[in-house]
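This report concerns only the one structure given below.
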Protein chains: 2
Amino acid sequence: MSKHVKEMGVLKEHLGKHQLKFTRQRELILDAFLKQEHITAEEMYHQLARKDPHLGLATIYRTLNLFCEAGLAQARHFGTQTQYDNISHKGHHDHLICTGCGKIVEFENCDIERLQEEVASRNGFTIQTHRLELYGLCSPCRQ
Amino acid sequence: MSKHVKEMGVLKEHLGKHQLKFTRQRELILDAFLKQEHITAEEMYHQLARKDPHLGLATIYRTLNLFCEAGLAQARHFGTQTQYDNISHKGHHDHLICTGCGKIVEFENCDIERLQEEVASRNGFTIQTHRLELYGLCSPCRQ
DNA sequence: TTGAAATTGATAAACCGTCTCAATAAAAGA
DNA sequence: TCTTTTATTGAGACGGTTTATCAATTTCAA
Ligand SMILES: [Mn+2]
Ligand SMILES: [Mn+2]
Ligand SMILES: [Zn+2]
Ligand SMILES: [Zn+2]
């Protein structure tokens with residue numbers, strides 16, 4: 001009856017290719033992760049403490065990093081902490097972040113991405129990844 | 001005979017407005033900072049150890065953060081460390097970063113900035129700041 | 001020159017994420 | 001299934017970076 005069948009498949013395929021094992025913890029953490037857009041290891045730790053009080057913080061970190069390698073998540077260093085971004089069904093995207101209330105809006109913009117390529121090639125670079133964050137005030141926070 | 005007269009003025013004005021004092025350390029650190037495009041506190045600490053072996057690391061951190069408040073620097077959390085970006089005469093700009101050799105190229109692109117505004121207003125946001133980093137390989141690093 | 005107030009340097013502490021390692025669990029083989 | 005191998009886990013130690021603390025010192029306005 002578990003949801004996230006497709007993503008669980010992605011994880012299992014990655015595990016298979018790397019001689020890794022499918023564990024109760026990995027299943028539990030993936031289920032919780034896929035319900036979020038972004039989450040920190042610490043947040044997930046507290047959230048899962050109810051379901052399994054013995055789940056260690058190190059396991060959360062290890063598992064979220066595993067999800068990154070499997071292409072389900074993407075780590076973003078955000079201020080002092082690391083946010084794990086759920087990219088399982090969305091793929092790449094960038095973020096608008098309200099400095100008032102902390103709200104995060106995801107967006108994609110092909111024109112910007114194209115101009116990025118232009119800037120890169122003009123400087124002799126080949127882009128591998130990028131990071132774009134717009135900080136400002138959302139409509140409610142401006143009153 | 002010191003250079004950086006203009007920036008020293010900016011600093012002094014900020015100090016004056018906030019009841020802060022102009023010290024030998026602040027002058028020394030600003031002079032060193034303005035010779036760099038980007039630098040970490042640790043790098044500056046080692047660099048200045050020759051001129052003043054007693055300059056404390058905490059003072060470097062405090063002073064670089066002060067420069068941010070005065071609008072001379074901008075902190076960017078970069079991996080595990082904080083880079084202080086010299087924006088005194090360049091103003092805002094973004095970065096191309098080579099994942100091979102670590103080289104950083106600064107750039108400005110009005111078209112991208114304009115599209116960012118568009119994205120923001122379409123989502124009801126007013127942009128205060130943004131952060132755009134393009135990661136890839138520079139021409140030498142691609143062989 | 002004096003004195004209030006800010007600053008400094010040394011170091012402790014906080015914080016975040018990784019590492020270590022003995023115990024446990026998974027899965028492959030018999 | 002039972003056995004054996006190998007990966008994983010959880011607890012806590014650890015390491016790197018930045019901030020907090022505080023007594024001594026320096027700045028600067030009066
Ligand atoms: Mn996102
Ligand atoms: Mn720069
Ligand atoms: Zn808001
Ligand atoms: Zn390079």
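Chain letters run A, B, ... following the sequence lines, proteins first, then strands; residues in each count from 1.
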For nucleotides 21-23 of chain D, list the nitrogen or oxygen atoms of the protein found under 3.5 Å from its nitrogen or oxygen atoms, one pair per line.
none

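- Formation of a donor-acceptor pair under 3.5 Å by the A:Thr63 side chain with backbone atoms of A:Thr59 is found in this model.
- Within residues 42-53 of chain A, no residue places a heavy atom under 4.0 Å from DNA chain D.
- Judged by distance alone, with hydrogens and angles left aside, the side-chain atoms of A:Arg142 form a donor-acceptor pair with the main-chain N or O of B:Gly124 at under 3.5 Å.
- A sub-4.0 Å separation between OP1 or OP2 of C:dT18 and a side-chain N or O of A:Asn65 is present.
- A:Asn123 places no side-chain N or O within donor-acceptor distance of the main-chain N or O of A:Phe125, the cut-off being under 3.5 Å.
- Every residue was checked against the ring pair (Phe, Tyr, Trp, His ring centres under 6.0 Å) condition with A:His77, not counting sequence neighbours, and none meets it.
- Under the 3.5 Å distance criterion, the side-chain polar atoms of B:Asp85 are left unmatched by any main-chain donor or acceptor of B:Ala73.
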B/S/- contact track for nucleotides 25-30 of chain C, protein heavy atom under 4.0 Å: -BS---

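- Taking the side-chain hydrogen bond (donor to acceptor under 3.5 Å, both in side chains) definition, one finds that A:Lys17 meets it with A:Glu13, sequence neighbours left out.
- With no hydrogens or angles considered, a side-chain donor-acceptor pair links A:His93 and A:Glu106 at under 3.5 Å.
- Look at B:Tyr61 and you won't find any side-chain N or O under 4.0 angstrom from OP1 or OP2 of D:dT19.
- DNA chain C lies under 4.0 Å from no heavy atom of any residue of residues 74-82 of chain B.
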